[in-house]
Structures are given as C-alpha cells and as structure tokens.
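Here's the structure, in structure tokens; my notes come after.
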Amino acid sequence: MSHRYLPQSDNDIREMLSVVGCSDVDGLYADIPESIRFKGDYDLPQGMSEMEVRARIDSMGAANRQLLCFAGAGVYDHYTPAVVADIVRRSEYLTSYTPYQAEISQGTLHCIFEYQTMMARLTGMDVSNASMYDGTTASAEAMLMSIANAKKANRYLVSETVDKKILDVILTYAHFHGVTVDIVPAKDGVTDSNTMAQMLEQGGVAGVMVQQPNRFGIVEDYTGFADTIHQHKALLAINSVAFDLALLKTPGEWGADIAVGDGQSLGIPMSFGGPYVGYMCTTEKLVRKMPGRVVGMTKDSRGQRAFVLTLQAREQHIRRQKATSNICSNQSLMALYTTVYMSVMGKEGLKEAAQLSYAGAHYLYEQLIATQLFTPTFQQTFFNEFCVDYKGDVDKLQQTLIDNGIFGGIKVDEHTIMFAVTEKRTKQEVDRLIEIIKSNSNL
C-alpha cells in the first residue's frame with residue numbers, strides 16, 4: 001500500500017465500491033461537474049525525513065516571542081508542576097469520549113468523580129457536572145438552566161461587570177432560545193444592587209448572573225444578593241475564576257444556586273487561547289436541571305466500590321426536546337488536567353499560590369501609582385487583577401512594553417489598562433516593568 005497508515009486494503013476498497021455501485025474511486029465524484037473540478041497540482045511541500053521535519057518545526061518555534069505576561073481578563077499565566085503534563089500525556093487519558101461501558105471505564109469514571117468532588121469543594125456547592133467546553137458556554141448554559149427552572153419567566157439579568165466575552169455568548173444563546181437578557185448597570189465598578197432589585201420587581205426574571213472577581217478585577221460584596229433574588233423566585237449564578245476561590249468566599253457561601261466559570265486558571269497553560277475547560281456546580285435541588293453528565297459512586301455485586309454515569313440527561317439518552325443539553329464530547333482531558341493539578345498542589349499549595357498572586361498584584365499597583373503616571377480607576381478591593389488610568393498613550397505604552405519582552409496588561413479603554421499578576425511573576429520582573437515605564441514616561 002502507498003499509504004501504510006490507511007487501514008483499507010485494495011480488496012477492501014474494491015468491495016466497498018461494489019456495494020455502492022462504482023467501478024473506481026473517481027466514480028464517487030461523478031455528480032461533480034468537470035467545470036468545477038480542480039485538475040492542477042496541489043501546492044504542498046515535498047515529503048521530508050524525520051530530522052528535516054524536526055529542524056523545520058524548531059525553526060518555526062524559534063520565531064515565537066516568549067513575553068512576560070502581566071495580562072489576564074480571563075486567561076492567566078499560572079505555574080503548573082511538571083508532573084501534571086507528564087501524567088496527562090499518558091495514552092490511556094487521551095480521549096474525550098463518554099465512558100458508556102462502566103465495567104471497562106472505571107479509571108476514567110474515577111478521574112471524573114474526583115474532578116467533580118474537587119470542584120464542588122472549591123465552589124462550596126453540592127454537586128458538579130463532568131465539565132463543559134469553557135467558562136463562556138458554561139455561563140450560557142447556566143442562563144438556560146435558570147429559564148428551564150422558572151418555566152414561565154423569560155427574562156435573565158446579567159451584571160454589567162460580567163466579562164463582555166461571556167456576555168456575548170450568553171446573548172447568542174438567548175437569541176436562539178427566545179430569552180430576553182437585560183443588563184444590570186454598574187456603579188463605581190460594581191453591580192448596582194438597588195437597580196437590580198428594581199429590575200427584579202418588574203417580574204418575569206428567571207435568574208441573575210454576576211462575576212467574582214468581576215471584569216475589572218474587583219472583588220464584589222454580594223451580601224444580600226441571594227436573598228433579594230430568591231424573594232423573586234429567581235436563581236443566582238456566580239461566575240468565578242476557579243483559582244481565586246482558593247482564598248475568596250465561595251459561590252456557595254454567597255448563597256448562589258449555580259457556580260460557573262473557566263478552569264484554565266487551575267494549571268492549564270494559556271496555549272494561545274485553548275483548549276480550556278468550563279465548570280458548572282449547583283445545589284442538589286437543581287441537579288436534574290444541570291446540563292452534561294454526572295458520575296456517581298456505588299458498589300458492585302461483590303460489594304466493591306464502583307463508578308457509574310449517574311445522570312446523563314442528554315439528547316442521546318432521552319427525547320431531544322426533554323434534554324437539558326446537546327453537549328456531547330466535552331473537554332474531559334482538560335478536566336483531568338485540572339484534577340491532577342489540584343491533587344498535586346493540594347489545598348495549602350493553592351492558597352499559597354493565590355496569596356503570592358494577591359501580594360504581587362498589590363505591589364505592582366502601588367509601584368505604578370508611585371510613578372505618578374497612573375491613577376486608580378476604582379476605589380475598590382481587588383485580588384490579583386486591577387485597572388489603572390494612564391496619563392499617556394495606552395497603545396504606545398503597550399507597544400513599548402512588548403518591544404521590551406513584556407505583555408503589559410489589557411487595554412480597557414483609551415485611558416485605562418488592566419494588569420494581572422500571578423505567582424509566576426517575581427519582584428524583579430515587576431521592578432523591571434516599572435523601570436521600563438519610568439524610562440519611557442514621555443509616551
């Protein structure tokens with residue numbers, strides 16, 4: 001065979017062609033007019049040896065610039081112990097498909113069960129599903145979950161302090177499901193609770209979504225939110241950066257009904273935008289409204305511990321119109337990644353990394369303000385990410401930092417820039433950033 005990795009032999013091909021009534025492979029394309037068929041040679045490079053391929057890939061990789069990252073906005077440059085990637089690379093983990101046959105999928109089911117356990121504890125909720133695509137789609141699913149729970153209500157409130165990328169996905173889902181989304185305005189960088197209460201009074205609201213920390217990096221105080229929302233028979237959903245929950249008050253402690261977000265911060269490399277993993281946790285009362293699947297633990301006929309798919313209310317198992325979600329293959333490999341990361345880091349390790357991130361961000365904030373080139377955008381509490389107003393040209397500042405090997409924050413508007421610091425950023429790196437800014441104070 002000319003292509004030794006294709007499993008079909010010449011006899012296999014002839015047999016398949018005879019079944020469909022074709023004498024050769026070209027006959028499969030007989031319906032395509034000759035006038036639109038491509039008859040030239042494909043612009044493909046010649047085959048190379050293994051050494052040539054490695055050299056080519058190395059030269060391409062060398063073109064990448066490795067920048068020090070002081071940016072966040074939902075994706076964070078956290079440290080990942082080497083053992084995490086080493087374990088996840090094992091061949092038995094490299095699949096994202098559903099472990100339908102529990103008797104031969106105990107290892108996969110066990111990993112998913114541990115993931116669910118860790119995420120439920122991290123969020124302070126009763127139960128977690130077996131992960132979702134990413135934080136944005138998980139948030140949109142939380143909206144649909146709230147609508148399904150309310151039955152008659154068809155409005156959903158989203159705080160203005162929720163990341164715009166998340167809001168865009170929510171609006172897309174809402175459009176095709178006939179849901180009305182209203183925005184709760186922000187005041188001084190946080191959700192305006194008084195306006196939210198007034199919007200709830202108007203009626204027809206199925207749920208409210210807020211974010212912690214919010215899109216400006218601010219840690220909001222959600223005291224009383226759950227009570228106000230529940231008085232109007234609506235559900236509270238809190239979107240959180242998973243890593244930050246190692247120190248912050250959990251969604252469960254705030255009285256949330258649904259906790260969603262992205263798990264990228266739990267050791268998954270930034271990787272130019274993915275793949276990441278979304279998490280969704282909820283109260284036991286709402287478990288049957290939750291999309292995706294849930295793995296449970298039981299005992300087999302011999303009394304030994306066993307794992308099974310406890311809940312999988314998807315269109316593959318029940319009538320499509322009754323399904324809670326059409327999500328099939330999700331990011332289960334990335335869920336495993338976060339599970340191994342949390343296992344290796346442990347409770348105290350996560351706390352220590354979070355404390356270092358917090359301390360580093362506050363040090364950078366103080367140093368930036370001390371240059372007198374920046375002023376505070378908000379007078380609010382923040383965790384490891386914050387906004388400051390720059391007195392010069394934000395675009396020129398960012399380009400100067402890039403020229404010096406630093407990805408310096410996210411531009412929020414013409415005068416505002418948002419910086420993020422993780423445990424990977426050292427004091428020396430922060431000081432270097434400050435020195436570059438000082439030496440280019442005329443920008």
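Residue numbers run from 1 in the order of the sequence given.
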Discussion item. Looking at A242, is its backbone amide N or carbonyl O close enough to the side chain of S240 to form a donor-acceptor pair, meaning the two atoms are under 3.5 Å apart?
Written reply: no
Worksheet item: How far does CD1 of I437 sit from CG of L401, to the nearest 0.5 angstrom?
Response: 5.5 Å
Item to complete: Work out which heavy atom in T161 is nearest to a heavy atom in G189; give both atom names and the distance.
Response: CG2-O, 3.6 Å
Fill in: With H78 via ring-ring contact (aromatic ring centres under 6.0 Å, His included) - residues at least two apart
F243
Item to complete: Using a 4.5 Å cut-off on heavy atoms from C-beta on, say whether the side chain of I218 contacts that of T381.
Response: no
Worksheet item: Mind checking whether T338 and V277 have side chains closer than 4.5 Å, heavy atoms only?
Response: yes
Worksheet item: Going by an N to O cut-off under 4.0 Å, is there a salt bridge joining R305 and D300?
Response: no
Discussion item. Can you confirm whether more than 12 heavy atoms, excluding those of R65, are under 6.0 Å from its CZ atom?
Written reply: yes
Worksheet entry | Closest contact, heavy atoms only, W254 versus Q212 | NE1-NE2, 3.8 Å
Worksheet item: Does any non-hydrogen side-chain atom of L68 lie less than 4.5 Å from one of R425?
Response: yes
Discussion item. Under a 3.5 Å cutoff, is there a donor and acceptor pairing between the side chains of D403 and Q399?
Written reply: yes
Discussion item. Could you check whether atom NE2 of H415 has more than 12 heavy atoms from other residues, nucleotides or ligands sitting under 6.0 Å from it?
Written reply: no
Worksheet item: Crowded around R121 CZ? As in, over 12 foreign heavy atoms under 6.0 Å?
Response: no
Worksheet item: Per the side-chain contact (heavy atoms from CB on, under 4.5 Å) rule, which among V205, V210, I229, T180 passes with L157?
Response: V205
Practice prompt. Report yes or no: does T228 contribute a side-chain atom to a donor-acceptor pair with the main-chain N or O of G224 at less than 3.5 Å?
Written response: yes
Practice prompt. With rounding to the nearest 0.5 Å, note down the distance linking CD in Q304 to NZ in K299.
Written response: 10.5 Å
Item to complete: Using atom types as modelled and distance alone, determine if a side-chain donor or acceptor of E220 lies under 3.5 Å from a backbone N or O of P213.
Response: no
Discussion item. Is it the case that the side chain of Y156 and the backbone of N154 share a donor-acceptor pair, with hydrogens and angles ignored and the cut-off at 3.5 Å?
Written reply: no
Discussion item. Can a side-chain donor-acceptor contact be found between H362 and E366 if the only test is distance below 3.5 angstrom?
Written reply: no
Item to complete: Verify, without hydrogens or angle tests, whether E284 (side chain) and D126 (backbone) share a donor-acceptor contact under 3.5 angstrom.
Response: no
Worksheet item: Hey, does the side chain of S271 reach the backbone of G273 with a donor-acceptor pair shorter than 3.5 angstrom?
Response: no
Discussion item. Closer than 3.5 angstrom, by distance alone: can the side chain of Q106 be matched with the main-chain N or O of F307 as a donor-acceptor pair?
Written reply: yes
Worksheet entry | Q398 and V394, any side-chain heavy atoms less than 4.5 Å apart | yes
Item to complete: Examine distances only and state if a side-chain atom of T371 and a backbone atom of L373 form a donor-acceptor pair shorter than 3.5 Å.
Response: yes
Discussion item. Ring pair (Phe, Tyr, Trp, His ring centres under 6.0 Å) for F378 and F216? Distances and angles first, verdict last.
Written reply: CA-CA 9 Å; F378 306 105; F216 303 117; 4.9 Å; yes
Worksheet, complete the sentence: Looking only at heavy atoms, the pair that brings M132 and E141 closest together is CE-CG, 3.4 Å
Discussion item. Are F374 and Y365, when compared by the centres of their aromatic rings, separated by less than 6.0 Å?
Written reply: no
Response to the item:
Here the gap from L171 atom CG to M143 atom CE, rounded to the nearest 0.5 Å, amounts to 8.5 Å
Distance-only criterion, 3.5 Å: show the donor-acceptor pairs between side-chain atoms of residues 353-360 and protein atoms not counting sequence neighbours.
from	atom 1	to	atom 2	distance (Å)
S357	OG	A353	O	2.9
S357	OG	E423	N	3.1
S357	OG	E423	OE1	3.3

Worksheet entry | Distance-only polar pair, side chains of D134 and T137, donor-acceptor under 3.5 Å | yes
Worksheet item: Is there a donor in the side chain of E160 and an acceptor in the side chain of T191, or the other way round, less than 3.5 Å apart?
Response: no
Worksheet item: Do D257 and T283 meet the criterion of a side-chain donor-acceptor pair at a distance under 3.5 Å?
Response: no
Worksheet entry | Heavy-atom donor-acceptor pair, S265 side chain to V241 backbone, under 3.5 Å | no
Discussion item. Any carboxylate oxygen within less than 4.0 angstrom of a Lys/Arg side-chain nitrogen, looking at K249 and E253?
Written reply: no
Item to complete: Can you see which heavy atom on M209 is nearest to which on A142, and at what distance?
Response: CE-CB, 3.9 Å
Worksheet item: Going through the distances and angles, do F113 and M297 end up as a side chain to side chain contact (heavy atoms under 4.5 Å, CB included)?
Response: CA-CA 8 Å; F113 182 83; M297 184 173 68; 3.8 Å; yes
Worksheet item: Just how far is it from atom NZ of K351 to atom CE of M345, taken to the nearest 0.5 Å?
Response: 13.0 Å
Item to complete: Ignoring hydrogens and angles, tell me if any N or O in the side chain of K233 forms a donor-acceptor pair with the backbone of A206 under 3.5 Å.
Response: no
Discussion item. I'd like to know if E50 and R54 make a salt bridge, using a cut-off of under 4.0 Å between side-chain N and carboxylate O.
Written reply: yes
Worksheet entry | Audit row: T416, K411, side chain to side chain contact (heavy atoms under 4.5 Å, CB included) steps and yes/no | CA-CA 6 Å; T416 307; K411 181 180 178 181; over 6 Å; no
Worksheet item: Is a salt bridge present between D431 and K427, judged by a nitrogen-to-oxygen distance below 4.0 Å?
Response: yes
Worksheet entry | Rounded distance [0.5 Å steps], CG in D221 versus OG1 in T223 | 3.5 Å
Response to the item:
Between G263 and I268, the two heavy atoms sitting closest are O-CD1, 4.0 Å
Item to complete: Step through the shown structure and confirm whether more than 12 heavy atoms of other residues, nucleotides or ligands are within 6.0 Å of CD on E352.
Response: no
Worksheet item: Within a strict 4.5 Å, meaning less than it, do heavy atoms of the M199 and D182 side chains meet?
Response: yes
Worksheet item: So how far is it from I258 CD1 to S139 OG, rounded to the nearest 0.5 Å?
Response: 10.0 Å
Fill in: Side chain proximity check, K438 to I434, heavy atoms < 4.5 angstrom
yes
Worksheet, complete the sentence: Closest non-hydrogen atoms of P376 and D389, given as atom of the first, atom of the second and distance, are O-OD2, 4.3 Å
Discussion item. The criterion is ring-ring contact (aromatic ring centres under 6.0 Å, His included); which residues satisfy it with F225, sequence neighbours excluded?
Written reply: Y222
